[in-house]
Amino acid sequence: MNYWLMKSEPDAFSIDDLEMMKSSPWDGVRNYQARNFMREMRTDDIIFFYHSSCKVPSIVGTAKVSKEAYPDHTSWDENSAYFDAKSTRDNPRWFMVDITFQAKWKTPLSLKEMKSDHALVGFKLLEKGNRLSILPLSREHAQHILMSQT
DNA sequence: GCCAACGTTGGC
DNA sequence: GCCAACGTTGGC
């Protein structure tokens, strides 16, 4: 069992969207590090859903991995914003996973709160200059965050 | 809207 | 293989 954080701009895709859809592919990742993390994901891994580029950047809920990495077909769709001519059906460059809604938190956990929480020292999200849209969390950090919700 | 930080691209 | 230029991310 591993723990991950996935960022999304709520204007584009929010926790409410995921709740309505129940499950959704996580398409459009075009960064090698983030892609590699997705390929490490296993069914039932826990995902912290993070809203970025918004008024109060926060973890807003959780989801689970419901389908392990498979080719991101938007990469070979010429009409998609995520099209990449270097990715082909025979040799796909980009992958996605499916995630399934688990919970929307009554009280989101803001970036600001996490930064002031000494127990979260070392969490990559809180380190300066981090731009990765998918990050792993240690079991300790994940459990600490989950505890704060109960 | 600004800008620091970072990844990617491409010329050499 | 180096590195300058460029594009993107995302907090503030």
Taking the six-membered ring for Trp and the single ring otherwise, decide whether the centroids of [X] and [Y] are under 6.0 Å apart.
X	Y	value
Trp94(A)	Tyr32(A)	yes
Tyr50(A)	Trp4(A)	no
Trp76(A)	Phe83(A)	no

Basic-acidic side-chain contact under 4.0 Å: Arg30(A), Asp84(A): no
Mark yes or no: Lys67(A) above the aromatic ring of Tyr70(A), with NZ or CZ under 6.0 Å from the six-membered ring centre and no more than 45 degrees from the axis. yes
Which part of the nucleic acid, if any, lies within contact of Gln33(A), taking any heavy atom under 4.0 Å across all strands shown: a base, the sugar-phosphate backbone alone, or nothing? sugar-phosphate
Under 4.0 Å, heavy atoms only, any strand: does Lys115(A) hit a base, just the sugar-phosphate, or nothing? sugar-phosphate
DNA chain C: 5'-most and 3'-most nucleotides touching chain A, 4.0 angstrom heavy-atom criterion: dG7(C) to dC12(C)
